[in-house]
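Okay, so here's the structure we're looking at.
For this chain, numbers begin at 1 and follow the sequence in order. Everything numeric here is computed off the predicted structure, so don't read it as measured data.
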Amino acid sequence: MDHIETFLRSKNWLDSDLDSRYINVNHPYAILVSENEGQITLRGNSGIDNGQNGEEIFTFTSLNDLQEWFEENIGE
């Protein structure tokens with residue numbers, strides 16, 4: 001899970017509330033990072049809750065998995 005914040009910031013995903021929920025205004029997703037559980041969860045961003053209650057789309061267990069998803073689905 002090392003370097004996840006650096007990776008997400010490089011893709012313009014920000015955690016403005018400092019609560020491990022990253023959003024990018026250009027994408028309909030939120031990324032929730034749970035280092036305790038070793039998971040990165042991609043959820044639908046339903047607006048003001050920044051993905052807290054959004055539908056879970058994917059769960060990743062490593063930064064490499066998330067990077068692959070980005071490349072294949074977002075093109076970044």
Side-chain angles (χ1 to χ4, degrees):
M1 299 293 276
D2 292 337
H3 309 293
I4 183 125
E5 183 176 350
T6 303
F7 171 75
L8 290 172
R9 282 186 179 185
S10 75
K11 302 295 184 187
N12 296 316
W13 292 76
L14 304 174
D15 178 13
S16 58
D17 295 332
L18 303 176
D19 59 0
S20 298
R21 290 183 291 178
Y22 293 82
I23 59 168
N24 181 324
V25 296
N26 297 315
H27 296 284
Y29 310 113
I31 297 174
L32 285 69
V33 178
S34 175
E35 291 190 35
N36 293 340
E37 296 177 11
Q39 292 183 339
I40 306 162
T41 306
L42 182 70
R43 291 186 177 212
N45 187 2
S46 59
I48 61 171
D49 70 352
N50 292 342
Q52 184 66 35
N53 298 311
E55 179 183 351
E56 185 174 317
I57 299 169
F58 290 104
T59 298
F60 309 96
T61 56
S62 73
L63 178 55
N64 287 339
D65 292 342
L66 179 63
Q67 288 172 320
E68 285 180 26
W69 188 89
F70 263 78
E71 292 171 8
E72 293 172 6
N73 295 284
I74 297 180
E76 296 180 354

| request: Carefully, step by step, assess Ile74 and Trp69 under the rule side-chain contact (heavy atoms from CB on, under 4.5 Å). | output: CA-CA 8 Å; Ile74 297 180; Trp69 188 89; 3.2 Å; yes
| Minimum-distance pair of heavy atoms, taken over all atoms of Lys11 and Asn24 | O-ND2, 3.1 Å
| remark: Between Ala30 and Ile23, the two heavy atoms sitting closest are CB-CG2, 4.1 Å
| task | Search all heavy atoms of Arg43 against all heavy atoms of Ile57 and return the closest pair with its distance. | result | C-CD1, 3.9 Å
| remark: Correct closest heavy-atom pair for Trp13 and Tyr29 would be CZ3-O, 3.5 Å
| remark: Residues at least two apart in sequence or cross-chain that pass side chain to side chain contact (heavy atoms under 4.5 Å, CB included) with Asp65, listed by chain then number, are Phe60, Thr61, Ser62
| task | Can you see which heavy atom on Leu32 is nearest to which on Arg21, and at what distance? | result | CG-CG, 3.7 Å
| task | Check for a donor-acceptor pair, side chain of Asp15 on one end and backbone N or O of Tyr22 on the other, with a separation under 3.5 Å. | result | no
| field | Partners passing side-chain hydrogen bond (donor to acceptor under 3.5 Å, both in side chains) against Thr59 (at least two apart in sequence or in another chain) | value | Glu56
| Do the side chains of Leu66 and Leu14 join up, straight or via other hydrophobic residues, at under 4.5 Å, putting them in one cluster? | no
| message | Between Ile31 and Leu8, does the side-chain contact (heavy atoms from CB on, under 4.5 Å) criterion hold? Intermediate values first, please. | response | CA-CA 9 Å; Ile31 297 174; Leu8 290 172; 3.6 Å; yes
